[in-house]
Every structure is written in C-alpha cells, then in structure tokens.
Amino acid sequence: MQHPTITIIRSEHRALSAVLRSLELMLDDSKRRGALPDFGLVRAMLFYVDEYPERLHHKEESELLFPRLRLRSQGTHEVLDRLDRQHREGHVALLELEHALLAFELLGPARRAPFEQALQHYVGFYLTHIQIEEAEVLPLAEASLTEHDWAELDTVFSLNHDPLTGHPPPDEFSPLFDRIFAAMPAPFGRGAPGVDHQGVTS
Ligand SMILES: [Fe+2]
Ligand SMILES: [Fe+2]
C-alpha cells in the first residue's frame, strides 16, 4: 500500500503540472486569436501556485521530507541539495514571473514576449523538478523511511487540502477557485474538454 504522503505529493504534482500547462495553453490561445489573455485568470492561477504548491508543498518537502531522507539514506544529499536550491529559486522565479505579468498587463503587447519567456522558463523548471522528485526522491523515501517517519509525515501532509486535489476550498477562496475550475479540464475543473493536457504526470 502506498503511504498517504506519497499519494498526496503525487496528486499535488499533478495539480501543479495541470495549472502550469493550462497557463501555457491560455497564453498560446490568446496569442493565436490576436487577443490579450484573461489577466485576472492568469493572476488567479499564479496566486494558487504561490499559496499552495510554493507555501505548502515545497515547504513541507524541504522542511520535513528531505531532512528525514538525509538522515536515513546515504548518497542522496546531492539531489536533495539541488531540489532544496530549486525550491528557493522557484520562489524568486515566481516573483519575477508575476512582475513580467504585471508589465504585460500595464504596458501592453510590447511586454508579451518577456512574460511568455518567463512563463516557459518557469513551467520547464518545475516540470523537470517534479520529474526528479518522482523518479529519484519518492522511490528512495519508500525504500528508506521508517514507519515512525511516515506516521509524522502523513499527519502533516494530510492537512494540506489543496483544492485542486479534490478538497473543497476554504470559503474565502471559493470565488478564486470558481474561476480556476471553470478554466481547467476535468478532473481538475469544469473547463473545455478539448484542452490538451497530455504529458500531465499520472
Ligand atoms: Fe519540490
Ligand atoms: Fe514536490
């Protein structure tokens, strides 16, 4: 049986991957139509990324999961160091992405290309990050952590309740997630079924 922490981490990865791919598709679609993107929706999705993946998921990996792995296993420190560094860099990259978005929104199409480049970089960066965690870190965790480790991790990760992993959003988040759900395909939302999400980790 898979430990709840592993199930939660994998489903949070799928949610983050889906939001990142939706952002790219929305930008591509607006460009094809010669229109501006729905800036409010783009901001809502980036706020979600900051509020849940950045402030919960990555934080708990760096503060809880990785330290236990460092204790229990040999020879993994290099990859954990790299992933910890990426967690820190991801926070800065998100701030830069939000700035590029604001520039696009306030200054117009001349600032579309820098935002698109920043988004492409951010999406590639995190999809690779997730791939490394799933291919290297999670199997190692399953092989080396103790039942006591899992009990502690399961308790904390079970509190995450990311609304894109099937949990109802808190009341104050409802309008925000209504917008996000409306733009995303099932199983993450109620959006257009034609949106292609191939490549989302399953
Ligand atoms: Fe991570
Ligand atoms: Fe992760």
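Every number for a ligand or one of its atoms is a count from 1 in the order of the listing.
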>> So, of the N/O/S atoms that Glu133 has, which is the nearest one to the Fe ion (ligand 2)?
In response: OE1
> Which single N/O/S atom of His87 lies at minimum distance from the Fe ion (ligand 1)?
Replying inline: NE2
>> Run Tyr48 and Phe173 through ring pair (Phe, Tyr, Trp, His ring centres under 6.0 Å) and show every step you take.
In response: CA-CA 10 Å; Tyr48 157 79; Phe173 281 78; 9.6 Å; no
>> Within 2.8 Å of the Fe ion (ligand 2), is there any N, O or S atom belonging to His57?
In response: yes
>> Would you say the Fe ion (ligand 2) has His58 as a near neighbour, meaning an N/O/S atom of that residue under 2.8 Å away?
In response: no
> Going by distance alone, is a donor N or O of one side chain under 3.5 Å from an acceptor N or O of the other, for Gln117 and His121?
Replying inline: no
>> Under 6.0 Å between ring centres: does that hold for His87 and Tyr126?
In response: no
> With a cut-off of 2.8 Å, does any N, O or S atom of Glu61 fall short of it relative to the Fe ion (ligand 2)?
Replying inline: yes
> Cut-off 3.5 Å, side chains only: do Thr7 and Gln2 have a donor facing an acceptor?
Replying inline: yes
>> With side-chain contact (heavy atoms from CB on, under 4.5 Å) as the criterion, how do Leu46 and Leu97 come out once you've worked through the C-alpha distance, each side chain's angles and the decisive distance to 0.1 Å?
In response: CA-CA 9 Å; Leu46 292 183; Leu97 184 60; 3.8 Å; yes
>> Restricting to N, O or S, what is the name of the atom of His129 that lies nearest the Fe ion (ligand 1)?
In response: NE2
